[in-house]
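Have a look at the structure below, then the notes.
Remember, it's a predicted structure, so these values are computed and weren't measured experimentally.
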Amino acid sequence: MQHNYAHGEAFPKAVVSRLSLIMGLPTLELLFFIMIKDQSYPPIKIAILIDGGFFLKRFNALYNKERNLTGPQVADMLYTMAMKHVGNKNTLYRIFYYDCFPLDKKAHNPISKKPIDFSKSDEYKFKMELLEALKKKRKVALRMGTLKDNHNWKINQSKLKDLLAGKITLEDLTEKDVMLDVRQKGIDMKIGVDIASLALKKFVDQIVLFSGDSDFVPASKLARREGIDFVLDSMKANVEPQLFEHIDGIHNVTPYIDKTSKVKHTKTKNEHE
């Protein structure tokens with residue numbers, strides 16, 4: 001007699017044992033094989049958390065070396081990368097993007113003495129376009145910190161090394177070799193609070209974090225203790241050893257859509273699901 005088993009329905013023990021003998025696999029391994037083969041595992045709800053400063057630095061190094069992509073284009077590629085982690089079977093809870101608004105003050109370059117209006121810079125335009133584009137994406141929430149101006153200028157790291165090594169002198173520095181010293185404030189705290197909230201309130205089954213910072217170790221430990229699958233996307237950057245110990249895995253994706261895979265359509269907040 002022929003039996004048709006429904007999707008996800010368990011095989012009878014006799015059938016499993018027989019298949020185990022035929023395939024030469026232990027019973028538990030065979031069951032796992034059947035589960036994966038039939039994709040009978042249930043869909044899960046996933047939250048994507050993106051450290052914007054880290055993301056843009058790695059994204060430009062990997063996919064935008066010429067800096068010719070616009071803010072909306074980068075927003076589309078960011079969304080594609082996030083949805084690759086979700087896939088077609090699972091459910092996106094929300095994409096959280098953490099960043100600061102760009103600097104818009106005026107200052108004078110200490111080398112050339114020329115006035116600078118940061119609100120007119122290409123970086124300002126790009127960042128504002130990116131944030132505006134992300135605001136319109138479906139299920140994207142912006143978590144904005146603040147920029148603290150330390151009222152100091154600092155020398156670029158590569159030039160500083162040459163200066164300390166005696167390869168160049170202060171007179172060799174140009175206006176492009178220095179930058180205003182500003183620091184992001186509140187970003188790490190916002191990420192940590194959201195991880196704790198998602199875990200303790202059982203809003204999601206999995207959290208995917210785009211970062212490589214060991215500052216998130218306490219938050220990842222809490223999430224895992226609460227039964228959350230904590231996955232890191234380091235965008236091919238080196239991960240600090242402390243962080244390796246307290247995550248459930250690393251999965252790096254690219255912004256390019258594979259021909260063999262399907263990624264859900266990027267909807268805006270004005271489109272119906």
Side-chain angles (χ1 to χ4, degrees), residues 36 39-64 68-99 126-127 129-144 187 190-191 194-195 197-199 201-213 216 219-220 223 228-237 239 247-273:
I36 297 299
Q39 294 185 345
S40 57
Y41 49 89
I44 60 175
K45 188 174 289 187
I46 302 175
I48 311 292
L49 281 63
I50 303 175
D51 181 347
F54 171 85
F55 178 89
L56 291 177
K57 182 178 179 181
R58 292 301 302 159
F59 184 91
N60 287 332
L62 294 171
Y63 313 113
N64 192 25
N68 54 4
L69 294 176
T70 65
Q73 288 174 323
V74 174
D76 287 342
M77 297 173 82
L78 178 151
Y79 201 92
T80 296
M81 295 173 73
M83 293 308 299
K84 276 191 171 185
H85 281 288
V86 179
N88 291 312
K89 184 174 182 179
N90 301 315
T91 302
L92 172 66
Y93 174 74
R94 192 161 289 131
I95 299 172
F96 298 90
Y97 182 80
Y98 306 84
D99 209 338
F126 169 82
K127 180 64 77 68
E129 289 180 347
L130 171 66
L131 295 175
E132 286 299 318
L134 288 175
K135 286 179 183 178
K136 299 174 183 178
K137 298 291 185 187
R138 174 71 173 145
K139 287 193 174 183
V140 172
L142 300 185
R143 295 282 196 265
M144 306 305 294
I187 296 297
K190 289 178 183 292
I191 294 177
D194 282 342
I195 290 174
S197 178
L198 291 168
K201 295 181 179 180
K202 309 296 183 184
F203 285 152
V204 298
D205 304 296
Q206 183 183 87
I207 292 174
V208 178
L209 175 64
F210 281 77
S211 186
D213 196 337
F216 304 121
S220 65
I228 303 297
D229 182 30
F230 199 94
V231 177
L232 184 72
D233 190 324
S234 64
M235 299 181 72
K236 301 180 181 179
V239 179
I247 59 176
D248 291 304
I250 292 181
H251 182 203
N252 296 321
V253 298
T254 71
Y256 307 117
I257 300 177
D258 301 328
K259 293 181 179 180
T260 57
S261 64
K262 296 180 180 179
V263 178
K264 293 180 180 179
H265 170 60
T266 302
K267 296 183 179 180
T268 65
K269 291 180 178 177
N270 294 325
E271 291 182 277
H272 297 291
E273 286 190 282

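- Minimum interatomic distance between Asp233 and Phe54 (heavy atoms only, all atoms of both residues): O-CE2, 4.2 Å.
- Listed by first then second residue, pairs satisfying side-chain hydrogen bond (donor to acceptor under 3.5 Å, both in side chains) with a partner in residues 47-59 number zero, not counting sequence neighbours.
- Remark: the backbone N or O of Ala75 is not paired with any side-chain donor or acceptor of Lys137 at under 3.5 angstrom.
- Residues Met81 and Phe210 have side chains in contact (heavy-atom distance under 4.5 Å, counting atoms from C-beta outward).
- Considering only heavy atoms from C-beta on, Leu78 comes within 4.5 Å of Tyr97 through its side chain.
- Within the 4.5 Å cutoff, the side chain of Phe96 has no heavy atoms near those of the Lys190 side chain.
- Using a 4.5 Å cut-off on side-chain heavy atoms (C-beta onward), Lys45 and Phe203 make no contact.
- Closest approach of Met235 and Leu62 over heavy atoms only: O-CD1, 3.3 Å.
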**Request:** Test side chain to side chain contact (heavy atoms under 4.5 Å, CB included) on Phe216 and Leu232 and set out the steps.
**Result:** CA-CA 11 Å; Phe216 304 121; Leu232 184 72; over 6 Å; no

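- Side chains of Asn252 and Ser234 form a contact here, defined as non-hydrogen atoms less than 4.5 Å apart.
- Taking the six-membered ring where the residue is Trp, His85 and His251 present perpendicular rings, their angle passing 60° and hence far from 30°.
- The two residues Leu130 and Leu56 have their closest heavy-atom pair at CD2-CD2, 3.8 Å.
- For the pair Ile247/Leu209, no side-chain contact is recorded, criterion being any heavy-atom separation below 4.5 Å from C-beta on.
- Met144 places a side-chain heavy atom less than 4.5 Å from the side chain of Leu131.
- By the 4.5 Å heavy-atom criterion applied to side chains, Asp99 and Leu134 are not counted as neighbours.
- Here the side chain of Tyr63 pairs no donor or acceptor atom with the backbone of Tyr256 at under 3.5 angstrom.
- The two residues Ala223 and Phe230 make their nearest non-hydrogen contact at CB-CD1, 3.9 Å.
- Taking every heavy atom of both residues into account, Pro43 and Asn90 meet most closely at CA-OD1, 3.5 Å.
- Of all non-hydrogen atoms in Leu49 and Leu198, the two that sit nearest each other are CD1-CD1, 4.0 Å.
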